[in-house]
Peer 1: 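The following block contains the structure, expressed as structure tokens.
When a ligand or atom number is given, it counts from 1 through the structure's own listing order. Worth saying up front: this structure is predicted, and the values here are computed from it rather than measured.
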Amino acid sequence: MLILAIESSCDETAVALVRDGREVLTDCISSQIALHRIYGGVVPEIASRKHMEAIYALADEALLKANISRSDIDAIAVTYAPGLIGALLVGVNFAKAVALALDKPLIPVHHIRGHIAANYIAYPDLKPPFLCLVVSGGHTMLVDVKDYTHMEILGGTRDDAAGECFDKVARVLDMPYPGGAALDKAAQNGNENAYIMPHTKLSGNPLDMSFSGLKTAAVNLIHNKRQKGEEINVPDLCASFSKAVSEMLIPRTMQALDQTGYRTLAVAGGVAANSRIRGDLMKECGKRGVRLCLPPLSLCGDNAAMIGSQGYYEYLAGNLADQSLNAYATKTMEGERL
Ligand code: KG4
Ligand code: ZN
């Protein structure tokens, strides 16, 4: 089954062609990051307009690159939630128009389910059930992937997402948006024990996390040093901060593995590109003999291939939409139907 997949939830317009959920024929991405960089973050209205400008040509490009004609497409999958509402609406409306014109099924895909499905592309033999650590710009959670379309959130951040914190601290350090990758690079030459970072204690669900205290502590430290005219060792600060983020994520992930008894851990979302987190996960999973699925960097960030993959499984489960499909800025990724 050949799916045309569309993703426009944030600052990347993407169109992919995916066969049977696993084989990516083409994955075209038009990134707006350079445009938003001058504002230090995504400007929603600019994002919507740029999606509108890019999407038609990108879909044509995807067909051309894969040498596929419109009549070969069996279904259209689209990210309908969560994300910037104006950005999502562009993709959803485009997908609805294509589905109507080709008279093919329309498959709504939750963005986070898509991120998880990036693992099915990277690891063709991977099948649920497994545990997934989702660490994206807007989400940080541990998900019990019971089946392709049946998932349960076991725990997650109670405040900021890990990616948001990386970006905020990087911004205060004058790194270009989105700063997570630059902070990661700087951290590689730093001493992780140079700065003391707080470790937030949480009551209640032991798999819950918190990053806002850590973010505020790092930002305050930078401001205080600047006010006093003291020098900040940027690599040391980045390394200490990355270590603290990892120390929030990794023990909870290991606890979730113990709790569920799963022997496979998948990782999803842009922050999965972080070298410290990747290294720590490899070490801990290695010790426990747990299979670790870490998609390549190209599949960690936003892309449409992952939407095409999850779209296939949503189709098999009968989760289809009609022309009344809407977009939603927020929506849980757990099993409910539209
Ligand atoms: O999954 P994604 O594309 O966004 C959402 O769906 O929300 O992830 C983007 C996030 C940004 O916060 C970006 O700074 C972060 O992933 N990121 C990183 C790294 N590469 C990207 N964070 C830490 N280290 C990295 N190497
Ligand atoms: Zn994303």
Side-chain angles (χ1 to χ4, degrees), residues 5-14 16 27 29-33 36-37 40-42 44 47 51 78-84 87-88 91 109-119 132-141 143 156-157 160-173 175-188 190 211 214-215 218 235 237-239 241-246 248-249 266-281 294-307 309-310 329-331 333:
I6 294 152
E7 154 65 41
S8 70
S9 65
C10 190
D11 54 2
E12 254 125 19
T13 323
D27 188 7
I29 300 182
S30 166
S31 176
Q32 307 173 0
I33 285 177
H36 296 291
R37 190 163 278 160
V42 180
H51 285 309
V78 63
T79 306
Y80 77 107
L84 299 171
L88 286 165
V109 177
H110 190 285
H111 184 74
I112 300 301
R113 287 183 176 219
H115 271 300
I116 295 172
N119 284 278
C132 187
L133 169 65
V134 177
V135 270
S136 75
H139 296 81
T140 304
M141 52 196 174
V143 182
T157 183
D160 297 342
E164 257 173 282
C165 296
F166 273 115
D167 292 347
K168 173 70 186 182
V169 173
R171 187 175 168 174
V172 176
L173 287 170
M175 292 170 175
Y177 168 84
L183 192 153
D184 185 15
K185 201 160 172 237
Q188 283 159 30
F211 294 95
L214 174 60
K215 175 189 78 179
L237 184 81
C238 293
F241 180 75
S242 303
K243 179 185 173 215
V245 171
S246 192
M248 178 64 71
L249 289 169
V267 191
V271 184
N274 184 270
S275 56
R276 168 81 205 212
I277 295 168
R278 290 174 89 90
D280 286 351
L281 284 171
L294 270 174
L297 303 194
S298 58
L299 283 169
C300 287
D302 288 347
N303 64 86
M306 66 187 198
I307 303 302
S309 176
Q310 183 60 25
T330 56
K331 197 168 193 64
M333 49 92 68

Peer 1: Going from CD1 on I307 to CD1 on I6, what distance comes out if it is rounded to the nearest 0.5 angstrom?
Peer 2: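 So the gap between those two atoms works out to 10.5 Å.
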Peer 1: Using a distance-only test with no angle check, is there a side-chain donor-acceptor pair under 3.5 angstrom linking S30 and Q32?
Peer 2: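 Not at all, the side chains of S30 and Q32 share no donor-acceptor pair under 3.5 Å.
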Peer 1: What distance separates Q310 CD from N119 CG, expressed to the nearest 0.5 Å?
Peer 2: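 Answer for the CD-CG pair, Q310 versus N119, is 11.0 Å.
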Peer 1: Before moving on, can you tell me the angle at the Zn ion (ligand 2) between the NE2 atom of H111 and the NE2 atom of H115, to the nearest 10 degrees?
Peer 2: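 Approximately 90° at the metal, rounded to tens of degrees.
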Peer 1: With sequence neighbours excluded, give me every salt bridge (Lys or Arg N to Asp or Glu O under 4.0 Å) pair touching residues 267-279.
Peer 2: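 Every salt bridge (Lys or Arg N to Asp or Glu O under 4.0 Å) pair that includes a residue of residues 267-279, provided the two are not neighbours, is E192-R276, R276-D280.
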Peer 1: N or O contacts of ligand 1 with protein under 3.5 Å, please list pair by pair.
Peer 2:
unit_1, atom_1, unit_2, atom_2, d
ligand 1, 1 (O), H115, NE2, 3.2
ligand 1, 1 (O), G270, N, 2.9
ligand 1, 3 (O), D302, N, 3.4
ligand 1, 3 (O), D302, OD1, 3.2
ligand 1, 4 (O), G137, N, 3.4
ligand 1, 6 (O), H111, NE2, 3.1
ligand 1, 6 (O), H115, NE2, 3.3
ligand 1, 6 (O), D302, OD1, 3.4
ligand 1, 7 (O), S136, OG, 3.4
ligand 1, 7 (O), G137, N, 2.9
ligand 1, 7 (O), G138, N, 3.0
ligand 1, 8 (O), G137, N, 3.4
ligand 1, 8 (O), G270, N, 3.4
ligand 1, 12 (O), G163, O, 3.3
ligand 1, 12 (O), D167, OD1, 3.4
ligand 1, 12 (O), D167, OD2, 2.7
ligand 1, 14 (O), D167, OD1, 2.5
ligand 1, 14 (O), G180, N, 3.2
ligand 1, 24 (N), G180, O, 3.3
ligand 1, 24 (N), N274, ND2, 3.0
ligand 1, 26 (N), D184, OD2, 2.9

Peer 1: Report the name of the N/O/S atom of D302 located nearest to the Zn ion (ligand 2).
Peer 2: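 This turns out to be OD1.
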Peer 1: Does a side-chain heavy-atom distance below 4.5 Å link D184 with S242?
Peer 2: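 Side-chain contact under 4.5 Å: no.
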Peer 1: Is a side-chain donor-acceptor pair under 3.5 Å present for H111 with E7?
Peer 2: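 There is such a pair between these side chains.
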Peer 1: Output the distance between atom NZ (K185) and atom SG (C238), rounded to the nearest 0.5 Å.
Peer 2: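 It comes to 12.0 Å.
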